[in-house]
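The structure appears below as structure tokens.
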There are 2 protein chains.
Amino acid sequence: MTKPAPTVRELIRQHYSELTQSERKFAQALLENYPAAGLASITIVASSAEVSTPTVARMVQKLGFKGYPQFHQALRSELEAKGSGPTKRREKWAAEAPDSHLLNRFAQTVTRNIEQTFSNIDTGSFDAAVAQLADTEHQLYVVGGRITRSLADYAFTHFQAVRPKVTYLTASSATWPHYVLDMAAGDTLLLFDVRRYEANLERLAELAAERGVRLILITDQWASPIARVAHFSFNCWVEIPSAWDSNTSTMMLLEALIAATQEACWPETRDRYERLDALFDLTRLFR
Amino acid sequence: MTKPAPTVRELIRQHYSELTQSERKFAQALLENYPAAGLASITIVASSAEVSTPTVARMVQKLGFKGYPQFHQALRSELEAKGSGPTKRREKWAAEAPDSHLLNRFAQTVTRNIEQTFSNIDTGSFDAAVAQLADTEHQLYVVGGRITRSLADYAFTHFQAVRPKVTYLTASSATWPHYVLDMAAGDTLLLFDVRRYEANLERLAELAAERGVRLILITDQWASPIARVAHFSFNCWVEIPSAWDSNTSTMMLLEALIAATQEACWPETRDRYERLDALFDLTRLFR
DNA sequence: CCTTGTTTGGAAAAATCTTTTCACATGGGG
DNA sequence: CCCCATGTGAAAAGATTTTTCCAAACAAGG
């Protein structure tokens, strides 16, 4: 069984009575700004607590560390543990299944990907991209790669319901130039490109960018080369222990964009949904 | 007025397109364990990200720092500012965004859906369904509804890579009888049907069931009527505060099925992937 | 006022870390 | 197929940090 590894904070409390005056001065400074005040070099840390370097060195040894680097390392480990701590780790996902069941392992990995994806979104860019997607004055084009084509398709289906002037660039890249023909400055192109990145897509992005089209790129954590010319790019963590990549986080980000766009386009969108429903009812009558 | 001093996270996003491959590798490592992963010495940080020391040194200069110590200092300042801020640290998804931001609300709802979905999966059925999907003796058909068509398409793309004998039933339900013609007992039909449930799909399911085809249904929490004739059904929680349903949990379940099927079909699947890669390389040569 | 034991910080030596240089590797373009 | 541009890491050079040592300062008791 492994020992619980006491935190530096606990160690200080524990050894406080043995500490000398200067050492206590440093201990106070550290506790008042924990743990940041202990993460610099010993010289900086010492001078900002207004004690000498050897005082700090002696003290960390009293706490049981071999030297300052070990003390430093301990603080960092604590911080790291804390970083992954607040995220409520679900032990088991599928009810009565062991942790080792593929379902649980898969759920854990993908959840981690989702967390990473969302915590790395810049809300400013997100809002700006949504404003772009909600600009119904201009055309919105959607395109995806070999795998992400399905996501582009999903995006198209929903955006078409949310707003007018949406065009889906078909899977066959041979026809893409036809679409570029009609692209105008101010239009928006929503691209999906996860590895392995496709040269055709990149070329399309360049052509569109040259014509003043605003590019919104949804890519993976390693970033497609298109990121260079895109106005907004969003990175999705997609890696799973498998021969292919998981697009659950991609899907979730896409849906977030759709939800935000819908909100931005309200109430015109509500009107569209009502008309759409009416149309579905009509097709049912015909049958 | 002092400048807002961008965080290192922001700097990385901002300069991401200029970064080289190894630099990105380090950037990823840092983002995944932020900021602890950047608070050690440059040598330690570099080796734990599996890049060389100069790579890190060059990168921090690209970010605008004079050297590694300045970068280190910036990270510590951020940490310090965070620690002295409001102690009430609620779980946030998008960094530095208020809880009320759509992104965070959306993430919370969808995460709840995912939890519900996965904790309600019966692992026995899951394993049995996977065995069915991995049965390469028989044909596998995939079909989806108006919205879930994209998911069916995604499923098709991946299952086609994993195993032979996979057929995608096109969007146009008028042609579905043609496919039914060739369905045989023991074949598998993977159906997606979330509300609003489609009569065409139900009719197709009945026809297939009559012919001894095994039905695997992926539906929503309220269950499509097809569940009555399906051999396995999986319910995905899809409700979000919106006019449409979220299919992130559906996507995740689908990917879990693909991952499990891939594992069940190994090593034939590996062989297929290798051949697929070779074919892609060939098409690149043609261009 | 002296003595003794302890604490403290300056300074130098030792160790470590950071930066720069340079040669090799890699991959795209002619 | 070769060449060139760019990216990468090994290693040396330089800078900093960590540690050790020691003398000065200090407090308490005789």
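What you are looking at is a predicted structure, and each value in this text was computed from that prediction instead of being measured.
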Counting side-chain heavy atoms from CB outward, which of [options] is closest to [X]?
{"X": "B/Thr55", "options": "D/dT8, C/dG9, D/dT18", "result": "D/dT8"}
{"X": "B/Pro54", "options": "C/dC17, D/dA10, D/dT19", "result": "D/dA10"}
{"X": "B/Ser52", "options": "D/dT17, D/dG9, C/dT18", "result": "D/dG9"}
{"X": "A/Pro69", "options": "C/dC17, C/dT8, D/dT18", "result": "D/dT18"}
{"X": "A/Ser22", "options": "C/dT8, C/dT18, C/dG10", "result": "C/dT8"}

Taking OP1 and OP2 of [N], is either one under 4.0 Å from a side-chain nitrogen or oxygen of [X]?
{"X": "B/Gln61", "N": "C/dT20", "result": "yes"}
{"X": "B/Thr20", "N": "D/dG7", "result": "no"}
{"X": "A/Thr43", "N": "D/dT17", "result": "yes"}
{"X": "A/Thr53", "N": "D/dT17", "result": "no"}

B/Tyr34 ring centre to B/Arg9 NZ or CZ under 6.0 Å, with the angle to the axis within 45°?
->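 Here B/Arg9 passes the 6.0 Å and 45° test against B/Tyr34.
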query: Can we say A/Asp220 and A/Arg195 salt-bridge, meaning some charged N sits less than 4.0 Å from an Asp/Glu carboxylate O?
result: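 Here A/Asp220 does not pair with A/Arg195 in a salt bridge, since their nearest N and O are not under 4.0 Å apart.
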Report task. Start with the C-alpha distance between A/Tyr168 and A/Arg149, add both sets of side-chain angles, then the distance that settles side-chain contact (heavy atoms from CB on, under 4.5 Å), and finish with yes or no. Result -> CA-CA 10 Å; A/Tyr168 176 62; A/Arg149 189 195 60 232; 3.2 Å; yes
What's the [atom1]-[atom2] distance between [X] and [N], to the nearest Å?
{"X": "A/Tyr68", "N": "D/dT20", "atom1": "OH", "atom2": "P", "answer": "16 Å"}
{"X": "A/Ile42", "N": "C/dC17", "atom1": "CD1", "atom2": "C1'", "answer": "15 Å"}
{"X": "B/Gln73", "N": "C/dC17", "atom1": "CD", "atom2": "C1'", "answer": "17 Å"}

